[in-house]
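Read the structure below first, then the notes.
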Amino acid sequence: MSGLAIVLMLFGLGLIAWLSGRARAAQLERVTPAAAVRPHSRPQYHGWYVALWTILPALAFLSVWSALSPGLAVQAVLADPAAASLPDNEFVRSAIIGEARQLATGQIAQGFNPQSAALVEPFRTAISRYSTIGVVIALILAFAGAAWSFTRLKRDFRARTRVERVVMLLLLAASLVAILTTFGIVFSLLFESIRFFDRVPVTDFLFGTHWSPVSGNEDPDLFGAIPLFWGTILIGAVIAMIVAIPLGLMTAIYLTQYAPARVRSWLKPTIEVLAGVPTVVYGFFAALTVGPALRSLADALGIAGASSDSALAAGLVMGIMIIPLVSSMADDSIAAVPSAMRDGSLALGATPSETIRKVLIPAALPGVMGGVLLAVSRAVGETMIVVMAAGQSANLTGNPFSSVTTVTVQIVKLMTGDQEFESAKTLAAFALGLVLFIVTLMLNIVALRIVKRFRESYE
Amino acid sequence: MTTEPNTAPKMTARGVNVFYGDKQAIDDVSIDVYRDHVTAFIGPSGCGKSTFLRTLNRMNDTVAGARVTGDIRLDGEDIYAPEMDVVQLRARVGMVFQKPNPFPKSIFDNVAYGPKIHGLATSKSELEGIVESALTRAGLWGEVKDRLQDSGTALSGGQQQRLCIARAIAVDPETVLMDEPCSALDPIATAKIEELIHELRGRYAIVIVTHNMQQAARVSQRTAFFHLGKIVEYGATTDIFTNPREERTKDYITGRYG
């Protein structure tokens, strides 16, 4: 019986359980005269109670079983006399067993290893045996759960409380999925990074100033990531912020303090739409329009080393992309400053701009700072614009007209095309990813803390 | 205490109407406010007393959709005239709000805020002098003189409200408008503010909005009773409270409605 069929069957049983539980509760309600106290829970909660007891234990068992049974099947096959002739070499053995499994389940038609053919039959038996055992146990659990919960139904049984608790637990589980997945990502990054750091010392990676990884070469001197960090900071934290902070802040000030309701009602959504433009579109703009224009400008100014892939082109466009983020965070923080502050200042004879500069901005500053940090974190992790417009050469330069590269660009470069997972070159991508993850995580934590503390102070 | 003023009024209002969109909040209000007197506006909630108060320093300008018609003069000068600079007007007509609203700055900076933006002090010591005298007049100097750099928001509610009064008088206004200044305060803090109003009387024309009739009786010399956007009765406080001319005033004073 396939996995899908058994799950569907469980839900069918659940439906029957729901109907019978509800019917039972309705019957209990009728048996006792109306003069008695009203039952604690409505009949459908009794139905849900029985249905949950029917489905959940069986489903939980099936998910555990589906993780365990392949291992058990392999064990059974190894115990078979046909497996006695398997070679001792661990690698060859597991290759043959894997092949036998694929033959047994029909994923491949012909084995590469002749020995695997002998194991197909034992494998088939083992798999079907364990699958039958799983189905039988799941059904037993479903019936047992249904029977046990059904006998518990009484007139004053508090089914509603229990069902609500299960609902709460399900919602909790759903919200943990994202967090657990993140942990999984971190661990996989961590393990691959550790393998990288076995080959290249952490200090050489973090503080080395020369970056040119080559396949098959594990010389630590080639893996100095400082030029990447510098490129990332130059584009994401310096140039993009020089554009985004003033423009975003001024946008927010105009929207909250000056814009008439009519203007605000179309300007604010329009700016927010900018945040939804795919970054690859910004990338085109940066690479095809801004980059060449800046190079002509640099040539006209006589600046040496100008390239059409430049830090400035990527940074400027990224700054434009970040404006909506900064302005909406700043907008929120300025709007969160109580209007009593503004009135207090205006009533003292301050002009609107004095009020903004001396009262609103200082009061909103923590929130604005939080928004800026979130923006930096976004800019540092941004990939598409820099891939398309910043270039690939790992230059350690302060000249914004020259080509630089960033952490994200190098990850893309290392992870695309031919790759060997054992080489330091590919593993370096994980180490870069880990650094990027840690930095943006820190930025986000600090930013959210600042924003939160600021919110509390006015509530 | 004189009950009839013998000086020219500090502010006059003639036929003032205020509209919020289509809704009329104030209907044909005329009143004189005198420099030597504390004038109280009383009346049930929503009667327009705070709205009218806010026309006196044009704070209604900040409310979207608000429109004021009629004639309001400060020392004979039309404050709604196009050439009137609202920034200067508000420096001359200060305001204290219902809820204490100190800026999230130090006590010193709260008081120094107004004098700084109006350039009232040319040196740091002069500024310190202004701050000290404003805090002294607001009865707060003794309590805060050792912690002027603490945040104004860390003070108690009553102290915050006196800080706001100090902030308002630091720019040396001619008139101080107070919009239910004690409604968020406990009785002891309220008593201190009332005492302070007594001390400030004569130096500034004071207009206070209150829904506490005992407070109006205690602190004011003249009282206007507002009802449904109109002034029902305006006169010496003693007359309003002991011998009201209007039946509605009497009903309100004796607590029969409102």
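The structure presented is a predicted model; accordingly, all values stated were derived computationally and were not measured. Throughout, protein chains are lettered first and strands after them, A, B, ... in sequence-line order, and every chain is numbered starting at 1.
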* Assess whether atom CZ of A/Phe284 is packed by more than 12 heavy atoms of other residues, nucleotides or ligands within 6.0 Å. => no

* **Closest non-hydrogen atom pair, B/Pro104 against A/Met341** => CD-SD, 3.6 Å

* Can you name the closest pair of heavy atoms from B/Val87 and A/Gly349 and give their distance? -> CG1-O, 2.9 Å

* Structure fact -> Looking only at heavy atoms, the pair that brings A/Lys358 and B/Lys105 closest together is O-NZ, 2.6 Å

* **Neighbour count above 12 (heavy atom, 6.0 Å) for A/Tyr258 OH** => yes

* Do other residues, nucleotides or ligands put more than 12 heavy atoms under 6.0 Å from A/Met442 CE? -> no

* Part of B/Val93 lying under 4.5 Å from any heavy atom of chain A -> backbone

* To do: Count the heavy atoms of every other residue, nucleotide or ligand shown that sit under 6.0 Å from CD of B/Gln88, and state whether that count exceeds 12.
  => no

* Structure fact -> So, the part of B/Arg167 with a heavy atom under 4.5 Å from chain A: the answer is both

* To do: Write down the atom of A/Val359, the atom of B/Phe103, and the distance for their closest heavy-atom approach.
  => CG1-CD2, 3.7 Å

* A/Arg378, CZ atom: more than 12 neighbouring heavy atoms under 6.0 Å -> no

* Can you tell which part of A/Ser345 gets under 4.5 Å to a heavy atom of chain B, answering side chain, backbone, both or neither? => both

* With chain A as the partner chain, list the residues of residues 108-117 of chain B whose heavy atoms fall under 4.5 Å from it, by residue number, and write 'none' if nothing qualifies. => B/Tyr113, B/Ile117

* Asked: Which distance, rounded to the nearest 0.5 Å, do you find between the CG of A/Leu346 and the CE of B/Met95?
  -> 11.5 Å

* To do: Pick one of side chain, backbone, both or neither for B/Pro102, based on which atoms fall under 4.5 Å of a heavy atom in chain A.
  => backbone

